[in-house]
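Single-structure report; data block below.
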Amino acid sequence: MRDAARSHDVRRLRDLLRSAVQGDRLPGGQLPGEAELMAQHGLPRAAVREALALLRAEGLIERTQGIGTHAVTHPVSTGITEAHGTSSPAPTSVLNRRTRPRVLDRSVVPLPAVAAERLGAPPGTPCLRLEYVALHEEEPLWLATNYALFPEAEKLRDCPFITDWYALLADAGVEFGASEFVIGAETADPHTAAVLTVPAGAPVLAIEQTIVDVAGRLFDLAFIHTRADRFRIVSRGTRTPTLEELS
């Protein structure tokens, strides 16, 4: 029972400190010292050290003798509607032309069967496969593989790809009506890990995105693998009272 309680204490402290690190809420990126954490959370030194070790294993913090413990990552966050491309990004948003792509592939290929089923098009239909790594301050944030149908693909094929995907759509004159995400979590395979510069097996946010035109026709399918330690999506909802509650 004592071991189980201690395990939960370590996990809870890890979660609280991870939130502070990834939310960039630590002045100067400096974490409190061990003694302060022990006093704040009522935990023994061993539990505090174990929680810090978990964060260090994730690559979120580093401990330097004589200096203390500090964050070594500064994630960027964006609102869910910005991530969908359905609202104008804030001036400071990473999706306000603050990334640049490293294009891995930009070629016309036969549409694979799985992508064809998702897009409702015949397998083998010519499509534009546009694959790129999004870089922010020269650090990779996500790896995306897009399968775009014609006629949109015609506009996207030769348009200069300068910043982010939505800027490319706008620059190419491609209008869209809606964007859908299916979000999950995966561990990075060796190939994805090498591109994102994370250890193989590191957690990544996996997003499958579909985009429709203004008439509701699917024209783009994307598979996006995002560094979970560098990019976060913020979603906010407002509860609407029911008619019974209002009456």
Side-chain angles (χ1 to χ4, degrees), residues 76 78-90 93-136 140-186 189 191-192 195-196 204-227 231-235 237:
V76 294
T78 189
I80 186 71
T81 56
E82 291 182 355
H84 275 296
T86 54
S87 70
S88 299
S93 171
V94 71
L95 290 174
N96 192 359
R97 299 181 181 258
R98 294 179 62 210
T99 64
R100 74 171 183 87
R102 184 170 77 238
V103 176
L104 304 179
D105 180 61
R106 194 177 194 175
S107 57
V108 175
V109 299
L111 187 64
V114 172
E117 190 275 331
R118 291 288 284 116
L119 292 174
T125 298
C127 72
L128 175 67
R129 184 175 62 201
L130 203 167
E131 187 169 58
Y132 68 97
V133 182
L135 302 173
H136 178 250
L141 290 184
W142 62 79
L143 166 65
T145 306
N146 286 269
Y147 297 93
L149 297 178
F150 287 82
E152 290 82 3
E154 186 69 36
K155 300 177 180 179
L156 294 168
R157 180 173 55 184
D158 300 318
C159 183
F161 193 2
I162 301 171
T163 55
D164 59 79
W165 173 252
Y166 299 118
L168 174 63
L169 293 178
D171 293 344
V174 175
E175 296 184 14
F176 69 97
S179 161
E180 178 181 277
F181 285 162
V182 178
I183 302 175
E186 298 177 0
D189 62 79
H191 310 290
T192 302
V195 173
L196 295 179
V204 292
L205 191 65
I207 302 174
E208 183 176 317
Q209 181 184 26
T210 52
I211 302 177
V212 302
D213 64 17
V214 292
R217 165 186 157 271
L218 285 162
F219 73 86
D220 184 70
L221 169 68
F223 298 97
I224 308 165
H225 293 86
T226 302
R227 287 187 60 164
F231 186 77
R232 306 198 306 165
I233 296 176
V234 180
S235 178

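Residue numbers count from 1 along this sequence.
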I'd like to know if the side chain of [X] reaches the main chain of [Y], judged simply by a donor and an acceptor atom lying under 3.5 Å from each other, with no hydrogens or angles considered.
X      : Y      : result
Glu82  : Ala90  : yes
Asp213 : Ala215 : yes
Thr86  : Thr81  : yes
Thr125 : Pro122 : yes
Arg227 : Leu196 : yes

Leu169/Asp220 under side-chain contact (heavy atoms from CB on, under 4.5 Å): CA gap, chis, key distance, verdict: CA-CA 11 Å; Leu169 293 178; Asp220 184 70; over 6 Å; no
How long is the straight-line distance from [atom2] of [Y] back to [atom1] of [X], given to the nearest 0.5 Å?
X      : Y      : atom1 : atom2 : answer
Leu95  : Ser87  : CG    : OG    : 9.5 Å
Leu221 : Arg129 : CG    : CZ    : 13.0 Å
Leu128 : Asp105 : CG    : CG    : 8.5 Å
Glu180 : Ile211 : CD    : CD1   : 11.0 Å
Ser235 : Ile80  : OG    : CD1   : 5.5 Å

Determine whether [X] and [Y] make a side-chain contact, defined as any pair of heavy atoms from C-beta on separated by less than 4.5 Å.
X      : Y      : result
Val204 : Leu143 : no
Leu119 : Phe219 : no
Asp164 : Arg98  : no
His136 : Phe231 : no

Over 60° means perpendicular and under 30° means parallel, so classify the ring planes of His84 and Phe181, tilted if in between.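 Aromatic pair Phe181/His84 classed parallel.
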With under 30° as parallel and over 60° as perpendicular, where do the rings of Tyr132 and Trp165 fit, or are they tilted in between?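 Taking Trp165 first and then Tyr132, their aromatic rings lie parallel (interplane angle under 30°).
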I need the single residue from Ile162, Val94, Leu135 that forms a side chain to side chain contact (heavy atoms under 4.5 Å, CB included) with Thr99. Which is it?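 With Thr99 as partner, side chain to side chain contact (heavy atoms under 4.5 Å, CB included) holds for just one option, Val94.
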Excluding sequence neighbours, so at least two apart, what forms side-chain hydrogen bond (donor to acceptor under 3.5 Å, both in side chains) with Glu152?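 side-chain hydrogen bond (donor to acceptor under 3.5 Å, both in side chains) list for Glu152, sorted by chain: Arg217.
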Contact summary for [X] and [Y], nearest pair of heavy atoms:
X      : Y      : value
Leu205 : Gly184 : CD1-O, 3.5 Å
Arg97  : Thr163 : CG-OG1, 3.6 Å
Thr192 : His225 : CG2-CB, 4.1 Å
Thr78  : Ser93  : OG1-OG, 3.6 Å
Tyr166 : Ala83  : OH-O, 2.5 Å
Ala148 : Ala153 : O-CB, 3.5 Å

Pair Thr226, Leu141 - check side-chain contact (heavy atoms from CB on, under 4.5 Å), show working. CA-CA 6 Å; Thr226 302; Leu141 290 184; 5.6 Å; no
Would Leu104 and Thr145 count as a side-chain contact (heavy atoms from CB on, under 4.5 Å) if you check the C-alpha gap in whole Å, the side-chain angles of each, and the deciding distance to 0.1 Å? CA-CA 9 Å; Leu104 304 179; Thr145 306; over 6 Å; no
Which residues pass the side chain to side chain contact (heavy atoms under 4.5 Å, CB included) test with Val212, not counting sequence neighbours?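 Side chain to side chain contact (heavy atoms under 4.5 Å, CB included) check on Val212 returns Ala178, Leu218.
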Worked check of side-chain contact (heavy atoms from CB on, under 4.5 Å) between Leu130 and Leu168: CA-CA 11 Å; Leu130 203 167; Leu168 174 63; 3.8 Å; yes
